[in-house]
Participant: 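Before anything else, here's the structure in question.
Order of the sequence lines sets the chain letters (A, B, ...), proteins ahead of strands, with each chain counted from 1.
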There are 4 protein chains.
Amino acid sequence: MGEMTDRAGGRPAGPTEETAGRVLKAAFELLATEGSAALTPVRLHQETGVARTTIYRHWPTPRHLLLAILGPATKRHEIDDLVGEIGADLRTAVGTLTTRFETRPVRTFFDGLRVHDGNGEKPSLSEQYIEGLIAPVRAVIAAAVERGELHGEADRLVLEICGPLLAEFLLLGRRVKSAEVEQAITDFLDRHQLGGST
Amino acid sequence: MGEMTDRAGGRPAGPTEETAGRVLKAAFELLATEGSAALTPVRLHQETGVARTTIYRHWPTPRHLLLAILGPATKRHEIDDLVGEIGADLRTAVGTLTTRFETRPVRTFFDGLRVHDGNGEKPSLSEQYIEGLIAPVRAVIAAAVERGELHGEADRLVLEICGPLLAEFLLLGRRVKSAEVEQAITDFLDRHQLGGST
Amino acid sequence: MGEMTDRAGGRPAGPTEETAGRVLKAAFELLATEGSAALTPVRLHQETGVARTTIYRHWPTPRHLLLAILGPATKRHEIDDLVGEIGADLRTAVGTLTTRFETRPVRTFFDGLRVHDGNGEKPSLSEQYIEGLIAPVRAVIAAAVERGELHGEADRLVLEICGPLLAEFLLLGRRVKSAEVEQAITDFLDRHQLGGST
Amino acid sequence: MGEMTDRAGGRPAGPTEETAGRVLKAAFELLATEGSAALTPVRLHQETGVARTTIYRHWPTPRHLLLAILGPATKRHEIDDLVGEIGADLRTAVGTLTTRFETRPVRTFFDGLRVHDGNGEKPSLSEQYIEGLIAPVRAVIAAAVERGELHGEADRLVLEICGPLLAEFLLLGRRVKSAEVEQAITDFLDRHQLGGST
DNA sequence: ATTTAACCGAGACGGTACGTCCCGTCTTTAC
DNA sequence: GTAAAGACGGGACGTACCGTCTCGGTTAAAT
């Protein structure tokens with residue numbers, strides 16, 4: 001009875017594609033539009049029609065859900081049209097960041113993740129998310145350092161350029177004006193003697 | 001005879017000093033040590049012995065509690081030992097900021113406020129808190145601009161110096177090393193030609 | 001200080017006439033129209049404007065209120081136009097009873113009293129009220145027994161005539177038709193050989 | 001694929017037998033011994049261990065509970081040993097009534113139902129209960145009318161015999177002595193010329 | 001006229017129960 | 001084995017009254 005067969009036949013484990021798709025899509029929507037408080041099994045059930053039980057089965061905690069939506073949500077913001085010129089690439093990379101501020105529910109998302117960061121469990125979801133946000137900039141900076149055009153720790157340089165922007169938007173809730181961004185990049189290039197031609 | 005006079009006698013409104021004291025103290029403790037999830041009427045009742053109903057009476061929502069805590073909690077971080085020299089004052093001001101990172105539950109507090117920022121209700125508690133954190137720096141910068149030693153918008157300058165620190169600590173969860181801070185200030189002074197002698 | 005002086009000076013105890021009047025009037029109204037559940041200090045306060053505290057001071061429990069309104073409410077239904085002729089008098093007395101069924105909130109009142117009958121405390125309010133309702137009939141019967149026109153226990157005779165009416169109205173919630181009443185009285189007179197001429 | 005089928009699988013609705021049994025039994029006990037005021041979800045939870053929420057789930061209001069109790073509580077008082085002789089049968093039927101007065105918490109039960117009769121909602125619980133109490137007598141009377149032994153409306157005849165008893169017991173709170181009952185039945189039979197041999 | 005006891009209103013406070021919501025686990029049934 | 005439907009115990013929510021209390025201001029006798 002209940003023999004531990006060596007995995008013989010039967011249906012594959014894990015949620016149906018159908019189910020997973022519906023649930024995760026709804027989860028993303030909910031998180032983006034209503035914040036993390038809305039990201040509950042009950043709510044998801046109401047939105048998707050998928051049974052509460054089923055949701056618990058596959059994503060026992062909100063954290064599982066968040067992890068499942070975080071990958072897709074962050075992954076796709078790679079930049080492939082880098083030209084190898086620090087000024088231009090930096091403008092592109094920072095541009096993707098500030099554009100996301102405008103077009104995506106970054107703050108809501110950030111808050112949602114923050115709430116479920118858990119208690120010291122690593123990796124912290126929100127930090128991972130922020131890292132994802134600044135990843136393009138980091139890539140550009142790292143490349144420049146590699147080429148010997150920039151000197152110093154990449155980490156510090158990334159924050160030098162992104163820190164004010166993130167703080168302004170995420171912490172102080174202000175819109176980030178593009179003129180400001182442009183100025184900041186120009187200043188950055190200047191002070192690192194990279195003659196930033198627009 | 002015996003007409004209903006406009007306001008005859010009666011006990012003064014508002015919570016007893018005793019009650020308010022106990023509750024707010026406990027609220028602060030809870031928020032600082034266990035985060036905003038712990039800041040509930042039930043929990044406060046357990047901690048203080050004050051009846052749940054009483055808490056609802058005077059602080060109908062967590063927001064009321066937070067507002068009552070926030071004033072005292074932020075007010076006291078004024079700086080009075082400014083010497084008028086931009087380099088020294090900036091080091092002092094930024095020092096208070098990073099010191100608070102180390103010694104106070106800034107992140108927990110920030111998260112707590114964030115959760116209860118409410119839905120667009122202004123002023124946003126968390127933003128108000130951040131403003132409080134950087135207030136000393138802003139004061140120094142504003143004074144320097146006033147004296148004509150610095151040029152540009154105070155807001156931008158404040159973020160130029162604090163942005164990376166806030167981002168590093170609050171968003172990425174990294175400790176801010178004092179050497180870094182020192183370097184950042186020196187750089188800042190340099191590039192604004194303020195020859196920052198240590 | 002605070003000696004137990006032998007009643008020296010001071011305002012007389014008990015509620016002001018004004019206060020008592022307003023409260024008891026409202027209490028009666030409430031009981032009659034909304035039932036005993038509405039007979040609460042809060043409700044009375046809302047109706048009268050008299051402070052909750054004041055109500056508690058003078059009528060610590062609903063029972064006190066009920067006792068205070070019961071007297072006046074029942075007392076006034078004495079009959080003074082008895083002619084000494086059993087048939088006529090009985091018709092008058094039973095008439096007052098059934099008329100009250102129609103014109104007064106007897107059932108609501110009865111229910112209200114019933115709820116607050118308390119736990120065996122005597123006198124039972126509701127029973128007292130019922131006694132009050134049938135008092136006129138009892139008076140007539142008692143007089144007839146006195147005169148030797150009727151034989152047997154008054155109690156039993158009263159119930160013989162009133163029991164069906166009370167049961168029909170109070171227990172079964174049916175309207176009592178006057179034809180029925182007339183028939184019942186006629187039958188009663190018949191079987192006790194009192195030749196009831198209308 | 002995976003469309004929301006109309007009704008696919010799932011546990012049957014309604015409370016478990018176990019749960020329903022425990023709750024309703026306790027409800028009956030409470031009503032009988034402590035009156036309707038004790039018939040609360042909290043109290044039931046304490047008595048049965050069944051969670052408060054569960055009780056709300058299946059019996060949203062006290063009325064639901066009472067309705068669930070009332071059926072079983074009234075149903076079982078049918079009489080099956082009628083012999084077809086009006087005198088004997090009447091004694092049996094009235095006997096069951098007065099016996100219930102003595103052995104069952106009729107008054108408490110009645111009061112409890114009365115409180116929750118609701119606001120005009122039919123059927124009135126208490127009236128239904130009273131009807132149940134007198135049902136045996138009604139059956140006997142109806143049969144006699146059917147056989148042509150009695151003349152008149154059954155309703156009126158039933159009240160003629162039961163009214164005084166109900167009023168005495170339920171309204172005036174007096175014990176009903178069996179001698180009285182016997183006398184009443186004899187009189188009744190007499191005046192309807194049914195020569196009631198004991 | 002001054003005491004002095006009582007009235008009365010306003011409100012704090014602890015407490016109990018309410019009815020609701022969601023949680024997370026479980027059991028039963030269907031596919 | 002996935003999925004659905006739902007029971008169930010549990011915890012917190014926010015509300016409504018409860019009954020007691022403290023606090024102020026007023027009023028009406030009795031001295």
Participant: Kindly say if His58(C) contacts the phosphate of dC8(E), meaning a side-chain N or O under 4.0 Å from OP1 or OP2.
Facilitator: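 Looking at the OP1 and OP2 atoms of dC8(E), one of them is under 4.0 Å from a side-chain N or O of His58(C).
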Participant: Just how far is it from atom CD of Glu29(C) to atom CG of Leu24(C), taken to the nearest 0.5 Å?
Facilitator: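 Taking CD in Glu29(C) and CG in Leu24(C), the distance rounds to 12.0 Å.
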Participant: Who passes side-chain contact (heavy atoms from CB on, under 4.5 Å) against Ala51(A), sequence neighbours left out?
Facilitator: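 For Ala51(A), the residues satisfying side-chain contact (heavy atoms from CB on, under 4.5 Å) (neighbours in sequence not counted) are Thr53(A), Thr54(A).
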Participant: Under 4.0 angstrom, heavy atoms only, what part of the nucleic acid is Pro60(C) near: base, sugar-phosphate, or nothing?
Facilitator: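 The answer is nothing, as Pro60(C) stays clear of every strand by at least 4.0 Å.
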Participant: Among residues 17-25 of chain D, which residues get a heavy atom nearer than 4.0 Å to DNA chain F?
Facilitator: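 Those residues whose heavy atoms fall under 4.0 Å from DNA chain F, taken from residues 17-25 of chain D in numerical order, are Thr19(D).
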Participant: Between atom CG of Leu65(A) and atom NE2 of His116(A), what is the distance when rounded to the nearest 0.5 Å?
Facilitator: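 Taking CG in Leu65(A) and NE2 in His116(A), the distance rounds to 9.0 Å.
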Participant: Salt-bridged, Glu127(D) to Arg107(C), with N to O below 4.0 Å?
Facilitator: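 Salt bridge flag = yes for Arg107(C) with Glu127(D).
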Participant: Within the modelled atom types, does a donor on one side and an acceptor on the other bring the side chain of Arg11(D) and the base of dA4(F) under 3.5 Å apart?
Facilitator: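 Answer no: no donor N or O sits under 3.5 Å from an acceptor.
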Participant: Take the protein atom CZ of Arg63(B) and the nucleotide atom P of dG14(F), then report the distance between them rounded to whole Å.
Facilitator: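 My rounded result for the distance is 15 Å.
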Participant: Please tell me if the side chains of Thr108(B) and Thr33(B) come closer than 4.5 Å, counting only heavy atoms from C-beta onward.
Facilitator: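 They are not in contact (no side-chain heavy atoms under 4.5 Å apart), so the answer is no.
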Participant: Quick one: does Val42(D)'s side chain get under 4.5 Å of Arg52(D)'s, heavy atoms only?
Facilitator: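 Yes - at least one pair of side-chain heavy atoms lies under 4.5 Å apart.
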Participant: From CZ of Arg57(A) over to C1' of dT25(E), roughly how many Å is that when rounded to an integer?
Facilitator: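 Distance check: Arg57(A) CZ to dT25(E) C1' gives 12 Å.
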Participant: By a strict heavy-atom criterion of less than 4.0 Å, which residues belonging to residues 40-56 of chain D are in contact with DNA chain E?
Facilitator: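 Hits under 4.0 Å, by residue number: Thr40(D), Pro41(D), Val42(D), Arg52(D), Thr53(D), Tyr56(D).
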Participant: Whether Arg22(B) and Glu47(B) form a salt bridge (side-chain N of Lys/Arg under 4.0 Å from carboxylate O of Asp/Glu) is what I want to check.
Facilitator: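 No, no charged N to carboxylate O under 4.0 Å.
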Participant: Determine whether the aromatic ring centres of Tyr129(C) and Phe110(C) lie less than 6.0 Å apart.
Facilitator: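 No, they do not, as the ring centres are separated by 6.0 Å or more.
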